[in-house]
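Letters A, B, ... mirror the listed sequences (proteins, then strands); counts begin at 1. This is a predicted model, so every value here is computed, not measured.
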Amino acid sequence: MSRKFLFIATIFAAIFLVGCSSKEQRVPLEDVGMVGIVAFDYIDENTMQLSIAIPQYSSHAQKNTEVFSVTTELASKGIIDIEALSDKKITFSQLRVVLIDEKFARIGDLQRTIRHLYRNPAAADKVLIAIVKGVSAKELIEADYPDKPNINFYLNDILKPTINTAFNPNTNIHDFVYTGTNPVIDPIIPVIERKDQKIEISSVALFKNNKMLETISAEDAYIIQNLQKKHKIAPLSITLNQGDGTERLVFNIVKSKVNIKSNKNIDSPKLTISLVINGALIEYKGKRNSSLYTSEGLSKIENDIDKQIKNNIDQFLDKLKEYQVDPIGLSEYFRMYYNGKWTKEMTEDITSKLQIDVQVKTSIISTGTLD
Amino acid sequence: MSTQTKKILNGYHVVFLVQSAMLGTAILTLPRELSAVGYSQTVFPLLFGVIASLTLWPMIWLNRKYPNENLFRINELLLGKVLGKIINVLIILQITVFIAGTITYYMDLIHSTTLPEQTNTFPLILLLLLLLYIVSGGIKSIARFCILSFFLTSGIYYFSHWAFQKGIVSHIFPLFNFNSHELFDAMKRGYLAVVGYELIMFYFPYIKEQNKAFKHALIGIWISISLCFITVFISVIYYSEWQLKNIKFSVLNLLKAGELSFIERIDVFAMTLWVFLVISTLAVYLWSAKKGMESISDKKKKYYLYILAIVIFLVIKLPFTRDFHEKLYKVNDYLVYVLIVWPIFLCIIYLLRKKQVQS
């Protein structure tokens, strides 16, 4: 009896309780603006210009991207301001690219801004970062790329890892926070430029104390990738200058192996880097064309390539020494043996004193099917 | 007074009951709790495993002296009825607040990852109802649920391999560059990730092969320890020391590193799947608390479970500041350590009062 009563009472209560529920505030999917790109431009010490790009799916719009931009002090305040401008509810769950203009990277507080995105659980850690050179980040996303798809996808595709841009560090939010907070390594971020209606990755920016310091060429950036043991297989173009005039060759790396050994001594640090490269010779232009087909000739070229690569690496490492930055993370080979707390100063100390012995061993395993 | 309890738990049930009760929400933040010792934390899960195995032994030893009694009854038998009951009430309170703390913690995570635009009342009620449903089936149904949830969720570990590939392995070599204060801090905060095995003292009377219970519980413990070890290992190679210290849910960010062509955000997917681990942990705790209430009142009543659920709901929804809640849960968490050393104390009493108790 009482059970029946309870049952009926529950049903009645449930029916009338509906009146107590508040109206749903949930936004339907078609009203959500999935931000693909966030861009930060430097204005002054306290303010920045925040721009976002959202893919436009409506067929009534003339352009395929919506761009909003506001001047703000705080990133999240900027987002709220943009929501007032926008016809959609802004979400970061599809964010793919963060653009920073060069001035912001050089003098702004980049680490704090990126950390804001890192803290946001809606944004993934794989969001790629790039520095915009020449124009402001806002101009870059507002510009027309008539033969390209939506800028949201276009930029993401450019910055994504591909074979042809093996020098690209593909720095994402996690990498930047990781390298920025780890005392043994300094961050690097790819630099993009707009060149006649297309975007290209032109160089890579070195950071010191979380401020942009200098840009380095793609060739130098490729050395970083190689020494970090990121096994990227990419064509390598080398200019030889070893006695037989200027020779140019393109070398397709099939396998490369790096071995780095430290002497574990932080007072007189010394590293031995041995690099083994196996690859196929694709193209050669120079005096020694005929010697390509004899094994003695090839081994001489191999030797020359060894010397040239060693030379390139040595020059690059000297440059790093001069800047006192360590984008490769070479200090890690000393930290892992050091029994104590490692500090940023120790990394700088190591980088300026470091002696490096580079050994390169190249072997050409194929020259193609023409004889 | 002693009643012959039905023996219903097989060996594999024991393995997964122990394993699931250990693995709840604490593992999500384990690398952060251990961050006081920096990169040297890799060895800590193994150390915890050894401590857990050692502290398990007195529990089983004591229980085997009373094959048909759980810890609540043993308390009464060894300490006398009044003192025993007081201790039992404290244990029940501890367990209840622990459940409330774990649920709050998980709700925080869900709130910040998957349901940012909603209050947690409705998900909380759903979670409690599910919990009631599972616990009302008895310890065997809980054990079955634990087995199910283990196999459903262990697949999550596959998704951490991207972080593993990206990491720098040279971080893991322990340098032991910490002082005793940091060591103590890491031990104190980190060991919470492996507690839960002590609940075997409550369901021990239901185990069929009690002479093998120690072995089965050990297997359970070391399954959990190896999962903790994997978590800490991957976190250490993937993060900088600053990140270890500052990232709240390390596992969440580890999973964020993943990329599949057909799922963009594995982390959200995995965090919602984590509810299986949370419920399987809490089910064992809630069941133990219910047993405690039965032993205090010497009656078996089904509505004890509902009372407990309402109390848990009220504790979570108490209109106190967030700070007070956090402190309450923290103090309560450390009380677990008392429960872990408690059987050693009882063993000593047992040996001292052997003749009186046995007669």
Portion of [X] that has a non-hydrogen atom of chain A nearer than 4.5 angstrom:
X        : result
B:Phe173 : side chain
B:Ile168 : side chain
B:Lys248 : neither

- In Å and rounded to the nearest 0.5 Å, what is the CG to CD1 distance from A:Asp125 to B:Ile247?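 It is 7.5 Å, given to the nearest 0.5 Å.
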
Requested in this report: Report the distance from atom CD1 of A:Ile173 to atom NZ of B:Lys256, rounding to the nearest 0.5 Å.
Outcome: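 NZ of B:Lys256 is found 8.0 Å from CD1 of A:Ile173.
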
- Task: For the residue pair A:Tyr178 and B:His171, categorise the inter-ring angle as parallel (less than 30°), tilted (30 to 60°) or perpendicular (more than 60°).
- Result: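 Rings of A:Tyr178 and B:His171: tilted, as their planes differ by 30° to 60°.
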
Between chain B and each of A:Gly329, A:Ser93, A:Ala123, count heavy-atom pairs under 4.5 Å; write down the option with the most.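 Maximum pair count with chain B is reached by A:Ala123.
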
Checklist entry - Of the listed residues (A:Gln228, A:Arg119, A:Arg115), which shares the most heavy-atom pairs with chain B below a 4.5 Å separation? => result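 Ranked by contacts with chain B, first place is A:Arg115.
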
*asked:* Please classify the contact between A:Asp175 and chain B as side chain, backbone, both or neither, with a heavy-atom cut-off of under 4.5 Å.
replied: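 Contact with chain B: side chain only.
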
| message | Using heavy-atom distances under 4.5 Å, tell me whether A:Ala124 contacts chain B through its side chain, its backbone, both, or neither. | response |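 Contact with chain B is through both the backbone and side chain of A:Ala124.
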
- Residue by residue, scan residues 334-341 of chain A and write down, ordered by number, those that have a heavy-atom distance under 4.5 Å to chain B; if none do, write 'none'.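 Result: A:Arg335, A:Met336, A:Tyr337, A:Tyr338, A:Asn339, A:Gly340, A:Lys341.
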
Worksheet item: Looking at side-chain heavy atoms only, is the closest gap between B:Glu241 and A:Trp342 below 4.5 Å?
Response: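 When only atoms from C-beta onward are counted, A:Trp342 and B:Glu241 do not touch, as no gap falls below 4.5 Å.
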
Point to revise | For A:Pro121 against B:Ser112, the heavy-atom pair lying closest together | key: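 Heavy atoms only, the tightest pair is CG-O, 2.8 Å.
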
Item checked: chain A neighbours within residues 24-45 of chain B, where any heavy atom lies under 4.5 Å away ->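 So far as heavy atoms go, B:Tyr39 are the residues that approach chain A to under 4.5 Å.
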
